[in-house]
Novice: 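Sharing a structure, written as C-alpha cells. Questions coming.
Along the sequence shown, residues are numbered consecutively beginning with 1. Counting starts at 1 for both ligands and their atoms, following the listed order. This is a predicted model, so every value here is computed, not measured.
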Amino acid sequence: MTHIPLYIDFDGLKVLVIGGGNVGARRSITFLESGAIVTVVASYFNESLLKINDKKLKLIKMEIKKPEDLNELIENNDLIVLTTDNEFINNGIYKIAKEKGKLINNATNSSMGNVIVPFRKKIYDNLEVAVTSLGYTGIAARRSLEKIENCLENDIEIKTLYDSMKEFKKYIKEKIKNPKIRYRLYFEVEKDEIYEKYVKEGKLNEAIERAKEIIKNYIKDMDK
Ligand SMILES: C[C@@]1(CC(=O)O)c2cc3[nH]c(cc4nc(cc5[nH]c(cc(n2)[C@H]1CCC(=O)O)[C@@](C)(CC(=O)O)[C@@H]5CCC(=O)O)C(CC(=O)O)=C4CCC(=O)O)c(CCC(=O)O)c3CC(=O)O
Ligand SMILES: NC(=O)C1=CN([C@@H]2O[C@H](COP(=O)(O)OP(=O)(O)OC[C@H]3O[C@@H](n4cnc5c(N)ncnc54)[C@H](O)[C@@H]3O)[C@@H](O)[C@H]2O)C=CC1
C-alpha cells in the first residue's frame with residue numbers, strides 16, 4: 001500500500017485547480033465546501049463555477065502555453081489539482097509541483113499525482129465511509145461504496161454502538177480526567193456482555209445507562 005487515507009479539513013488551505021470544466025468545477029466545489037481558498041486557472045469555465053459567489057473562489061482566465069507559466073501560482077498553493085484535457089499541460093505541471101514538494105491530485109491520471117479524491121458518503125451524523133480503487137476503476141469503487149452504505153444504514157447494532165459510545169465518551173471525559181484510564185475503560189464497556197446485548201438489540205438508553213454504570217463502579221473502587 002502506497003497511499004494513506006486521511007480526512008483533511010481544508011479550512012484556510014490553498015488549492016490551485018487547473019482546468020475549469022466538469023471535473024475542475026466538481027473538485028473546486030468539493031474543496032470550497034471544506035473551507036479552502038480555491039484558485040482556478042482555465043481558458044474556459046463551466047457554468048456552475050461562474051455562478052458561485054464566494055470570496056474564497058478566484059477564477060483566472062488564461063490559456064496556459066507552457067507549464068512554467070504557473071511556477072508562482074504553484075509555489076503559493078498547498079494542493080495542486082490537475083483536470084485539463086491537455087496531457088502536456090497536466091504532466092508538465094505535475095513535474096513542477098512534485099519538485100516543489102506539493103500535494104498533487106491528478107483527476108486524469110492518478111499515477112502522476114499523490115492525492116486521490118475517493119468516493120465518499122456520510123452514513124449518519126459523523127460516520128463517513130470513503131472507498132477508492134486508487135484510480136483503477138471508479139465504477140467498482142462506487143459500487144462497493146453503495147454496498148457498504150446499504151449494509152451500514154440498516155445496521156441497528158452499529159447505529160446504537162455509535163450513538164451510545166458518542167454519548168458515553170462525553171460523560172467519561174467529564175468524570176475521569178486521566179486519558180490513559182479512559183482509554184482502557186472504553187474497551188471494558190465494549191466487551192461488557194450486558195452492554196453488548198443492549199447494543200445488538202438497539203436499546204440505546206439502556207446501553208448508555210449500562211456504560212455509565214460500569215464507570216460508576218470503577219470510580220467507587222477507585223475511592224476505596
Ligand atoms: C483517480 C480519480 C481521480 C483522483 O485522483 O482524485 C479518478 C479518475 C477518473 N475517473 C474517471 C471517470 C469517472 N469518475 C466518476 C466520478 C468520480 N470520480 C471520483 C474520483 C476519482 N476519479 C479518483 C479515484 C477513483 C477511484 O477511487 O478509483 C469522484 C469520487 C470524486 C470526484 O471526481 O470529484 C467522483 C464521484 C462523483 C460523485 O460522487 O458525484 C465517474 C462517474 C461515476 O462513476 O459515478 C466516472 C465515469 C465512469 C468511470 O469511468 O469510472 C476517469 C475516466 C476518464 C476517462 O476514461 O477518460 C478517471 C481518470 C482515470 O481513470 O485515469
Ligand atoms: N476524475 C474524474 O472523475 C474524471 C476525470 N476525467 C478526466 O478529466 C479530464 C477533464 O474532463 P472535463 O472536466 O469533463 O473536461 P472539460 O473539457 O469540460 O474541461 C477541460 C478544462 O481544461 C481547460 N484547459 C485545457 N487546456 C488548457 C490550457 N492550455 N490552458 C488553460 N486551460 C486549459 C479548459 O479550458 C477546461 O476548463 C478528462 O480529459 C479526463 O481525463 C473525466 C471524467 C471524470
Novice: Would you please say whether a donor-acceptor pair under 3.5 Å links the side chains of Y136 and S110?
Specialist: no

Novice: Evaluate T30 for polar contact with ligand 1, using N/O atom pairs at a separation under 3.5 Å.
Specialist: no

Novice: Would you kindly specify which portion of M62 sits under 4.0 Å from ligand 2, judged on non-hydrogen atoms: side chain, backbone, both or neither?
Specialist: backbone

Novice: Determine if the distance from atom 51 (O) of ligand 1 to the closest protein heavy atom is below 4.0 Å.
Specialist: yes

Novice: Closest non-hydrogen protein atom to atom 8 (O) of ligand 2, residue and atom name please, with distance?
Specialist: T108 CG2, 3.5 Å

Novice: So which atom in N86 and which in F88 form the shortest heavy-atom distance, rounded to 0.1 Å?
Specialist: OD1-N, 3.0 Å

Novice: For T137, is at least one N or O under 3.5 Å away from an N or O on ligand 1?
Specialist: no

Novice: Within a distance of under 4.0 Å, is there any protein heavy atom near atom 26 (C) of ligand 1?
Specialist: yes

Novice: Is atom 12 (C) of ligand 1 less than 4.0 angstrom from some protein heavy atom?
Specialist: no

Novice: Is there a heavy atom in N105 that sits closer than 4.0 Å to ligand 1?
Specialist: yes

Novice: Considering heavy atoms of the protein only, find what lies nearest to atom 61 (O) of ligand 1 and give residue, atom and distance to 0.1 Å.
Specialist: G135 O, 3.8 Å

Novice: For atom 28 (O) of ligand 1, what's the nearest protein heavy-atom neighbour? Residue, atom name and distance, please.
Specialist: S133 OG, 2.4 Å

Novice: Are the charged groups of K100 and E75 less than 4.0 angstrom apart, N to O?
Specialist: yes

Novice: Could you tell me which non-hydrogen atom of M165 sits nearest to which non-hydrogen atom of E190, and how far apart they are?
Specialist: CE-N, 4.1 Å

Novice: Give me the atom names and distance for the closest heavy-atom approach of S111 to N109.
Specialist: OG-OD1, 2.8 Å

Novice: For atom 11 (O) of ligand 2, what is the closest protein heavy atom, and at what distance to 0.1 Å?
Specialist: V23 CG2, 3.6 Å

Novice: Among all protein heavy atoms, pick the one closest to atom 49 (C) of ligand 1 and tell me residue, atom and distance.
Specialist: I139 CG1, 3.8 Å

Novice: Where do K159 and D163 land on the salt bridge (charged side-chain N to carboxylate O under 4.0 Å, His left out) test, with the steps shown first?
Specialist: CA-CA 6 Å; K159 173 122 179 55; D163 288 336; 2.9 Å; yes

Novice: Considering heavy atoms of the protein only, find what lies nearest to atom 28 (C) of ligand 2 and give residue, atom and distance to 0.1 Å.
Specialist: I64 N, 3.7 Å

Novice: State the atoms of ligand 1, each with its element, that fall below the 4.0 Å cut-off from a heavy-atom position in A107.
Specialist: 3 (C), 8 (C), 9 (C), 58 (C), 59 (C)

Novice: Determine, considering heavy atoms only, which of R143, R27, K121 sits nearest to atom 19 (C) of ligand 1.
Specialist: R27

Novice: Tell me the protein heavy atom at minimum distance from atom 17 (O) of ligand 2, and give that distance in Å.
Specialist: D85 OD2, 3.5 Å

Novice: Check whether more than 12 heavy atoms from other residues, nucleotides or ligands sit under 6.0 Å from atom OH of Y7, and answer yes or no.
Specialist: yes

Novice: Output the list of atoms in ligand 1 that are nearer than 4.0 Å to some heavy atom of T132, sorted by atom number.
Specialist: 26 (C), 27 (O), 28 (O)

Novice: Does an N or O anywhere in G19 fall below 3.5 Å from an N or O of ligand 2?
Specialist: no

Novice: Who's the nearest protein heavy-atom neighbour of atom 37 (C) of ligand 1, and how far?
Specialist: R26 NE, 4.0 Å

Novice: Does the protein put a heavy atom under 4.0 Å from atom 15 (O) of ligand 2?
Specialist: no

Novice: How far apart are the closest heavy atoms of N114 and H3, and which atoms are they?
Specialist: O-CD2, 4.1 Å

Novice: At a 4.0 Å threshold, what atoms of ligand 1 neighbour a non-hydrogen atom of S110?
Specialist: 1 (C)

Novice: If we only consider heavy atoms of V115, is any one of them less than 4.0 Å away from an atom in ligand 1?
Specialist: yes

Novice: Are N106 and Y94 close enough that a side-chain donor and a side-chain acceptor fall under 3.5 Å?
Specialist: no

Novice: Please classify the E87 to ligand 2 contact at 4.0 Å (heavy-atom distances, strictly less than): side chain, backbone, both or neither.
Specialist: neither

Novice: Considering only non-hydrogen protein atoms, determine which one is nearest to atom 26 (N) of ligand 2 and report residue, atom name and distance to 0.1 Å.
Specialist: N86 CB, 3.9 Å

Novice: Are any of the N/O atoms on Y44, whether in the backbone or the side chain, positioned under 3.5 angstrom from an N/O atom of ligand 2?
Specialist: yes

Novice: Atom 41 (C) of ligand 1: which protein heavy atom is closest, and how many Å away?
Specialist: F119 CZ, 5.0 Å

Novice: Among all protein heavy atoms, pick the one closest to atom 19 (O) of ligand 2 and tell me residue, atom and distance.
Specialist: G21 CA, 3.2 Å

Novice: How close does the nearest protein non-hydrogen atom get to atom 33 (C) of ligand 2, and which residue and atom is it?
Specialist: S43 OG, 3.5 Å

Novice: Considering heavy atoms of the protein only, find what lies nearest to atom 45 (O) of ligand 1 and give residue, atom and distance to 0.1 Å.
Specialist: R142 NE, 2.8 Å

Novice: Would you call K203 and E201 a salt bridge, taking side-chain N to carboxylate O under 4.0 Å as the test?
Specialist: yes

Novice: Could you report the tightest heavy-atom contact between D11 and K56, atom names first, then the distance?
Specialist: OD1-NZ, 4.0 Å

Novice: Just checking, K212 and F168: is the charged tip under 6.0 Å from the six-membered ring centre and within 45° of the axis?
Specialist: no

Novice: Kindly determine whether T83 and I18 satisfy side chain to side chain contact (heavy atoms under 4.5 Å, CB included), including the steps that lead there.
Specialist: CA-CA 6 Å; T83 78; I18 319 289; 5.8 Å; no

Novice: Judged on heavy-atom distance to atom 20 (C) of ligand 1, which of V81, L145, V117, I116 sits nearest?
Specialist: V117

Novice: Is any heavy atom of the protein nearer than 4.0 Å to atom 54 (C) of ligand 1?
Specialist: no

Novice: Among N22, T108, L82, which one puts a heavy atom closest to atom 62 (O) of ligand 1?
Specialist: T108

Novice: Pick from N76, N77, V38: which one makes a side chain to side chain contact (heavy atoms under 4.5 Å, CB included) with L16?
Specialist: N77

Novice: Output yes when a protein non-hydrogen atom is found under 4.0 Å of atom 30 (C) of ligand 1, and no otherwise.
Specialist: yes

Novice: Could you tell me whether E206 and R210 make a salt bridge, using a distance below 4.0 angstrom between a side-chain N and a carboxylate O?
Specialist: no

Novice: Heavy atoms only: give me the nearest S48-A25 pair and the separation to one decimal.
Specialist: OG-CB, 3.5 Å

Novice: Run the numbers on K200 and E196 for salt bridge (charged side-chain N to carboxylate O under 4.0 Å, His left out), then give the verdict.
Specialist: CA-CA 6 Å; K200 285 212 167 107; E196 192 181 308; 3.0 Å; yes

Novice: Using distance alone, determine whether G20 and ligand 2 share an N or O pair under 3.5 Å.
Specialist: yes

Novice: Quick check on P118 - does any of its heavy atoms sit under 4.0 Å from an atom of ligand 1?
Specialist: yes

Novice: Scan the protein's non-hydrogen atoms and note whether one is under 4.0 Å from atom 47 (C) of ligand 1.
Specialist: no

Novice: Based purely on interatomic distance, does A107 place a nitrogen or oxygen under 3.5 Å from a nitrogen or oxygen of ligand 2?
Specialist: yes

Novice: What protein heavy atom is closest to atom 10 (C) of ligand 2, reported as residue, atom name and distance in Å?
Specialist: T83 O, 3.1 Å

Novice: Do you know which of K121, K122, R120 makes salt bridge (Lys or Arg N to Asp or Glu O under 4.0 Å) with E149?
Specialist: K121

Novice: Does atom 39 (O) of ligand 1 have any protein heavy atom closer than 4.0 Å?
Specialist: no

Novice: Within 4.0 Å of atom 16 (C) of ligand 1 (strictly less), any protein heavy atom?
Specialist: yes

Novice: Work out whether the distance between some heavy atom of R26 and some atom of ligand 2 is less than 4.0 Å.
Specialist: yes

